[in-house]
Structure formats: structure tokens, C-alpha cells
Amino acid sequence: MNGIWGRSLVTLALLAAACFALWPVFGAAVALAAFAAVLLIIVAVHLHHVSLLLNWLRAPAPETTPQGAGVWDEVFAALHRMLRQQRSSESQLSATLKDFQLAAAAMPDGMVILDRADRIEWCNPAAERHFGLDHRRDAGQQITYLLRHPQFAEKLRSRSHGEPLTLRQLRGSDLVLSVLIVPYGDRQKLVISRDVTELERVETMRRDFIANVSHELRTPLTVLGGFLETISDSEPLDSGLLRRSLPLMTDQARRMQRLVEDLLTLSRLESAGNPLREERVDVPALVRTLYHDAVALSARRHRIVLDLGSDDGLIGSEDDLRSAFGNLISNAIRYTPEGGEIAISWQRRGDEAVFAVRDNGIGISPQHIPRLTERFYRVDRSRSRETGGTGLGLAIVKHVLNRHHGRLEIESEPGRGSTFRALFPPERVTAAQTAPAAAGTA
Ligand code: ADP
């Protein structure tokens, strides 16, 4: 018997004794009536507390726990304690859940939890982005209804989930995903997705690059090989054939040499272990030298103008800048027909310093302009080759400018000419040191 029972029975016994004490004085009827009245009052008090309890149970909250008398005080106190404990473990649980959700939301990988029947139970924001899902709208949906991909459905059915799956074009998206299915618990599954679009792009670029380099080298090698075979087969040695083929062979060898040099320059510019040399470059002197080289290269086929509007220098690598500016100038010469005009300038534009090469040559259609700095991208392949181009010049220019925190601006109109501008930010520009401003024409 617990305390409540004991105390209740003692109280009842005391009340009964008090009522029956009336018996000798007032008679049995009065004593029994008094006892009945006491019992009724006790029942009414309990009913009142039951009603309080029922009312409170409709919206139980520790703050509104009713006050009770006697045994009910203990009942309400116990309920109050229980509710407080429940509240605290609920808030602990929701804090843990919140932490988990925050961690899941911060995860770059997508996570989808599937039940035994491959229905979505939950997914994180990365999975929503990857698969175009909505964790509220799609919860309870069969994942294969939403992600209709035969390979994915096959993998989900198969028992060996080990290898990740590469999925493309899921629900019309451009993303390339690597998806791993991990079984856990009671036949539940976790679908983990990773965005590998960028990796794929780099991999494609690497493959294309190797294919392009091989292709570029194959043509001159085939020509050289062909000539060498013909010469070896001619018995006795045909001096006329030799005289005709040697210049062509030299041409092809030079082409390969230029290509290899440009490739080495690019790889040097890209190499992480080759930081930019931070020397003060006397740009006006450099541009003047390049102008004289241009005059020699053009061999009087063009009118070349030099405009040194600024005597500022740059902080950076003289070799890299020579290579970038030289490429822009040689392009202008190569893509401007005889009689055309080329203007080379070095000027200030606001805070920035600008090296520009303007020509009135063949120009470029707008759709090609955004792709010109890609390796081996050429508007007209045969014209580029005929003029000794490797298709890497503007890729080198872009790299050099990036390393100097500069940018390339291209303006061009087919048939009217082009302007290529290399712009450098103020932190790269240094005030004049030696050379005064100058202008020249050839
Ligand atoms: P390439 O060795 O073929 O000249 P570049 O990377 O230097 O390679 O240039 C890429 C392409 O951009 C060229 O093939 C050519 O089609 C175009 N291009 C570059 N400069 C000019 C220019 N000044 N005028 C017209 N087209 C140009």
C-alpha cells in the first residue's frame, strides 16, 4: 500500500469516527447523515479536480498546471514535473535536429534518405539543387518517379551499390553528378550525390587539349616524313627534289618549333611553382622595341603608328609582357592585308594603364570573340596556319594578363578591323622613371 492509500484511509477513518461520535448524542440517523454528507463532499472535491485535470489536458502546459488540494496537489505536481522534463528533452532533441539540419545544409554533397520502398523520407538542400527536389513537396514520393533515369533505377534495384554512378541531363539540368547509393539500417538507403560538372569540364578540356596538340604536330610530321621518304627512295639522290623539298621541310620544322615554344610558354605561365616576377618594367621602352620588331616583321606591307601617350611603367614580368604584347602586334600584322594600318599605343585610361593594338584588317564576327582566348581556337584555321599561327597566342595573352591582374578587351568588326586592349589596374602601374613620351610612324 503506498502513501496515498494510507493517508486517504486514515482521513476517511478519522472522518467516520467523528461522524459516529455524534451517534450517542444525536442518534444514528444524524450520525449516518453526517457521514453521508462528508462522503458527498469528498466525491465533489474529487470530481472538481477531475474536471480541472480534463480541462488542463486539452492544452497541457507547465505554466497552466492547476493547483490541487490534498492528494490532487501531488498528482498535479507530478504532471507538472513530467511535462517540464518532456519539454526539456524536446528542446534538446530539436537543438540536436537543428544542428544536424544545419550541418546537412552546409554539406556540398546531396543526401536523400529513402525508406524500404525507395520513397523519399528526407533530403538536404544540395540534393534539392542536384535532383530538382523539394523536401516538403516530394517527401513520400517514389524516387524513381521523380528521377527517371534507367541507370539510376537499375542501380537502386541491384544489390551491389558499391561503384558511384555518373548521371547527366537529369530533369533537363546541365549538371553532371556522381551518385552513390549506400544501404543502411532496415533496408533503408542513402543516396549521396556530388556535383562533378567542373571536374568533367576540366577533364574534357584536358582531352581536347591533348587531341589538339597531337593533331597540330601530326600535320608537319606527316609532311616531313613524306619528304624524307621520297628523298630516301630517290636513287641516285635527286638534287632538284632536295632543293624543292628542303625549304618546305624547314617551314614545317619551324612550325613545330613555334608550337612547342608556345606550349612551353603556356605551361610555364600555368605552373603553380612559377610565381610572377615582380620587377619594374619600363613599358615605353619595351613598346618601342616591339614597334621596331613590328616594322621589320611587316616589311613595309603596313603603315605602323606608335603612340606613347604615357611614360608609366608596370610592376610585373618583362618577359611575360613582351610575349603578350608581341602576340597582339604579330596578330595585327598577320590579319591585316597589305596596305593596312596598325596603331600601337600605351596610354592611361582613368586609373588604368592600357596597351592597345588597333588594325583595319579582316576583323572578327561577334560570335567568335568570347572564344578567341581558348587554346587552338581560330576563326579561319587555314589563314592562321598560312601566316604561321599556332592558335595559342591569345591564350598566352590571357594568362599573362591574369597573372598581372589585368584584362583583355576586344572590339572588332568583320571587314573593318580590330582593337585589342590589355588593361592593367592602378596597383600595377608605376610612375614614369626614364623615357619621355614619344611617337613614331613607319
Ligand atoms: P593564331 O596563332 O591562330 O593567330 P591566336 O590565339 O593568336 O592564334 O588568335 C586566335 C584567333 O583569333 C586567330 O586564329 C584569328 O582568327 C583571330 N585573331 C586574332 N587577332 C586577330 C586580329 N588582329 N584580326 C583578326 N582576327 C584575329
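Each residue takes its place number in the sequence, starting with 1. Counting starts at 1 for both ligands and their atoms, in listed order.
Seen from the ring of F355, R421 does not count as a face-on cation partner, given the 6.0 Å and 45° thresholds.
Looking at F420, F376, Y377 and measuring to atom 11 (C) of ligand 1, the nearest heavy atom belongs to Y377. Scanning G391, G389, S384, G361 for the heavy atom closest to atom 8 (O) of ligand 1 points to G391. Of the candidates I410, N331, T387, N331 brings a heavy atom nearest to atom 19 (C) of ligand 1.
Heavy atoms of H368 found under 4.0 angstrom from ligand 1: none, in either backbone or side chain. In D359, the part holding a heavy atom less than 4.0 Å from any atom of ligand 1 is the side chain. For I364, every heavy-atom contact with ligand 1 shorter than 4.0 Å involves the side chain, none the backbone.
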With side-chain hydrogen bond (donor to acceptor under 3.5 Å, both in side chains) as the criterion, how do H405 and E427 come out once you've worked through the C-alpha distance, each side chain's angles and the decisive distance to 0.1 Å?
CA-CA 9 Å; H405 309 126; E427 64 270 19; 4.9 Å; no

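Of all protein heavy atoms, the one closest to atom 13 (C) of ligand 1 is Y335 OH, 3.3 Å. When only non-hydrogen protein atoms are considered, atom 12 (O) of ligand 1 lies nearest to L372 CD2, 3.3 Å. The protein non-hydrogen atom at the shortest distance from atom 5 (P) of ligand 1 is L394 N, 3.6 Å.
Every atom of ligand 1 with a heavy atom of R378 under 4.0 Å away is listed here by number and element: 3 (O), 14 (O). Ligand 1 places these atoms under 4.0 Å from at least one heavy atom of G393: 5 (P), 6 (O), 7 (O). Near T390, meaning under 4.0 Å from any of its heavy atoms, are these atoms of ligand 1: 2 (O). Shown in contact with V379 at under 4.0 Å from a heavy atom are these atoms of ligand 1, numbered in order with element: 14 (O), 16 (O).
With respect to the salt-bridge test (charged N to carboxylate O, under 4.0 angstrom), the residues R268 and D320 qualify.
A side-chain N or O of S384 and one of R378 form a donor-acceptor pair less than 3.5 Å apart. Checked by atom type, the side-chain pair Q347/D307 shows a donor-acceptor distance below 3.5 Å. Counted by atom type alone, S310 and R348 present zero donor-acceptor pairs between their side chains at under 3.5 Å. Neither side chain, E341 nor H302, offers a donor N or O lying under 3.5 Å from an acceptor on the other.
For the side-chain contact (heavy atoms from CB on, under 4.5 Å) test, residues two or more places apart in sequence or in another chain that qualify with P164 are S178, L180.
In this structure, R383 falls outside the shell of residues with a heavy atom less than 4.0 angstrom from ligand 1.
Remark: aromatic rings of Y291 and W346 are distant, center separation not under 6.0 Å.
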